[in-house]
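Contents: one structure, followed by commentary.
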There are 2 protein chains.
Amino acid sequence: MATVTIYDVAAKAGVSIKSVSRVLNNEPNVSPTLRTKVEEAAASLGYRRSLSARSLAGASSSLIAVLVDADLTIEHWKSGRGSDYLGRLEFGALMEARQVDYHLMIELVDHNSPDLERDLMALLNSIRPEGVILTPPNSDNIAVMDVLDAAGTPYARIGPEAAFDRGFCIEMDERRAALEMTRHLIDLGHTRIAFVTGPVAYGASRRRLAGYRDAMAEAGLEVAPAWVVEGDFTFNSGALAMEKLHQTAPDITAIFASNDDTALGVLQCAARLGLSAPGDVAVAGFDDSPGAGFSTPDLTTIRQPVAEMAAAAAQRLIPPLRRLLKGDANARVIVPHDLIERQSTAQSVR
Amino acid sequence: MATVTIYDVAAKAGVSIKSVSRVLNNEPNVSPTLRTKVEEAAASLGYRRSLSARSLAGASSSLIAVLVDADLTIEHWKSGRGSDYLGRLEFGALMEARQVDYHLMIELVDHNSPDLERDLMALLNSIRPEGVILTPPNSDNIAVMDVLDAAGTPYARIGPEAAFDRGFCIEMDERRAALEMTRHLIDLGHTRIAFVTGPVAYGASRRRLAGYRDAMAEAGLEVAPAWVVEGDFTFNSGALAMEKLHQTAPDITAIFASNDDTALGVLQCAARLGLSAPGDVAVAGFDDSPGAGFSTPDLTTIRQPVAEMAAAAAQRLIPPLRRLLKGDANARVIVPHDLIERQSTAQSVR
DNA sequence: CTGAAAGCGCTAACAG
DNA sequence: CTGTTAGCGCTTTCAG
């Protein structure tokens, strides 16, 4: 396992190490002959540049760091609310990164740790990533962005809520998606459509609610106050909302919940109340979380394009990829979503 | 953003860089005074060693690579069968790694690419990880293990199927878990219990089936041939199995499916056939995938301790952590699982 | 117990 | 177009 170094390649090709370096980095001023010689030597030796040497010598570290929130992850488990969000995110970023030999490093941060800034600074100091991908809730963490800006490290924020002038913002149009889903229900013949919100503190909740209202207004449908019930993105809150709606607005024919967990709760409670879905009440969710496809009935929902968002982030953070984007590398990107139609909204209203 | 180097710390502490290095690496022969001085200087400067410099100078790279299969991930999405497996795995490894300032790198590999060996070798050459975590199906990829062995890079295999003498094997006792689940059904009063298998090619499938048979035998219950139906870990195969069982073995009172997706399919088909669960038929799954907690009824299942397995892997791969393990660092680890009792097996047989 | 010197593999600046 | 010379920040010799 003798390590193959640039010297070995240079020796084999009969040139200087600088020439090898030039070829490897696609620098100008290299004769085709030399290029060929070097490439052949490198290939035959199975040579690969050492990341650390490169990084130490001042070139790119070829590293993208993904900052994942520890608290949120733990909370998700405890509440039994896991998702493949992270897996999809990483995959999307990785598919881009691997093309140009970049690597992905996953780091845990506590978004409300008092040492956050010190820790983050230390992290940057120690691994020197070329770019950082911020996942919620760190996508909106001012302290994190400040440290990153101070370090001069570019960052992409997945699903940011505000301050859209900082970093690269990679989003989906949640308001629009909620509008489309509501419109979908209206097209199915529903007119009395209830909405279960998420926690008011979340911008996503507010945007989804706004989209619902947009669609209703657009169709000239009034929204009775009783139709909008507060939830908190959990299964339980969905069940409670269903119960409440059953009492205060029994004449509704469709319920649009702010996320899938909530919608699943609605579904379960409806069954308990003897209401069939979609027969008595159509139900729609948001996120396309795992499980949405396996409920009875399976859930009509909006698929968040997580992998695509991560890919867009990677394209903006990795210089060789950004160059390919040319002028399209806007700082704010809206990635298209999908409406996935399943059984929970299957038939039109009787 | 002037980078803080070991020289800055040495200057501030009034010692040589070698002394700083000694303190940082917990080397012997350091006077307490010196140690304190250095530690204070380092802390006040917010100093953090550069990973690349350390790695280049021949010390540990402080890197653990996680090899994730690209094909499998893509396939999971297409089939709508996402899970939080990867998220849990990374979290478990990260919680250990961060304690000793190790980092996690995620790499995609195609387990059946023809260039697998070349690519992997190049990867090792370029990032020089201290250890590698192999996730299925690469946990059993001989070619991968050969490359790793040749490079002298330690590796931990999550959920290996065979060749238990290679690398660190981190497993759960699937046979035992299946036995316990079956026993649980028997304790509930069931005697006619069906089993839906996974794909025969998977060792996990075979072990789960064996556990089922163990428990039945142990209770002196015979297994009618019609009770064991072949599935393939998908939702659809569960629905098909339920249909088949309804025709060929209508008198069964419980169904144990090899994984949650399959169990969810069973559940849905049962509902379609007018069978209530758990009233007419109790249903149990395996994996505790997201969604298992949100079905109607929610699913009794076995929780795979993925995070714990990853933690065990990290402990064995990261030298400073392994030292803490002392003699307990066996090459083969069985991590305890949990049986999660939910509504789908709620009441005992009528 | 402590320090000075050498060099890991690479790129950057400066020559030719 | 190509090569030489210094380092990057650290750990490892090897001397005190």
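Sequence lines set the chain letters: A, B, ... in the order given, protein chains first and strands last, and positions in each chain run from 1.
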Per atom distances to the B/Ala53 side chain, the nearest of C/dT2, C/dC10, D/dG9 is D/dG9
Nearest to the side chain of A/Glu27, which nucleotide is it out of C/dA12, C/dG7, C/dG9?
C/dA12
Starting the side chain at C-beta, find the nucleotide from D/dT11, C/dG3, D/dG3 nearest to B/Arg49.
D/dT11
Side-chain N or O of B/Ser16 closer than 4.0 Å to phosphate OP1/OP2 of C/dG3
yes
Using a strict cut-off of less than 4.0 Å between a Lys/Arg side-chain nitrogen and an Asp/Glu carboxylate oxygen, indicate whether B/Glu130 and B/Arg322 qualify as a salt bridge.
no
From CZ of A/Arg54 across to P of D/dG9 the rounded distance in Å is 17 Å
Could you check A/Arg35 against B/Ala59 and say which one's nearest nucleotide on DNA chain D is further toward the 5' end?
A/Arg35
To the nearest angstrom, the CD1-P distance between B/Ile127 and C/dC10 comes to 15 Å
Give one of base, sugar-phosphate or nothing for A/Arg22, where a contact means two heavy atoms less than 4.0 Å apart.
base
From OH of B/Tyr7 across to C1' of D/dC8 the rounded distance in Å is 10 Å
Verify side-chain hydrogen bond (donor to acceptor under 3.5 Å, both in side chains) between B/Tyr155 and B/Asp149, making sure each step is shown before the conclusion.
CA-CA 9 Å; B/Tyr155 51 95; B/Asp149 278 333; 3.1 Å; yes
When we call it a touch if two heavy atoms are under 4.0 Å apart, what does B/Leu34 touch: a base, just sugar-phosphate, or nothing?
sugar-phosphate
I'd like to know if A/Arg48 and A/Asp101 make a salt bridge, using a cut-off of under 4.0 Å between side-chain N and carboxylate O.
yes
Looking at A/Arg166 and A/Asp146, does any basic side-chain N land under 4.0 Å from a carboxylate oxygen?
yes
Side chain of A/Leu56 - closest among C/dC10, C/dG9, D/dC10
C/dG9
Which of the following nucleotides, C/dA4, D/dC10, D/dG7, is nearest to the side chain of B/Tyr47?
D/dC10
Is there a side-chain contact between A/Ser50 and the phosphate of C/dC10, meaning an N or O under 4.0 Å from OP1 or OP2?
no
Step by step, work out the side-chain hydrogen bond (donor to acceptor under 3.5 Å, both in side chains) result for A/Arg157 and A/Asn141.
CA-CA 10 Å; A/Arg157 303 158 60 199; A/Asn141 194 314; over 6 Å; no
Whole-Å distance separating the CD1 atom of A/Ile6 from the P atom of D/dG3
12 Å
Gap between atoms NZ and P, on A/Lys37 and D/dC1 respectively (whole Å):
14 Å
Hey, which sits more toward the 5' end of DNA chain C by its nearest nucleotide, A/Gly58 or A/Ser52?
A/Ser52
Report the distance from atom CG of A/Leu24 to atom P of C/dC10, rounded to the nearest whole Å.
8 Å
Rounded interatomic separation in angstrom, taking CD1 from B/Ile17 and C1' from C/dG3
9 Å
Nucleotide nearest A/Ser31 when distance is taken to its side chain, options D/dC8, D/dC1, C/dG3:
D/dC1
Any side-chain N or O of A/Ser21 under 4.0 Å from OP1/OP2 of C/dT11?
yes
Check ion pair A/Glu27-A/Lys18 (N to O, under 4.0 angstrom):
yes
Check: C/dA4 base within 3.5 Å donor-acceptor of B/Lys18 side chain
no
Note: for A/Ala57 and A/Ser19 on DNA chain D, the residue whose nearest nucleotide lies more 5' is A/Ser19
What is the distance, rounded to the nearest whole Å, between atom CG of B/Asn26 and atom C1' of D/dT11?
15 Å
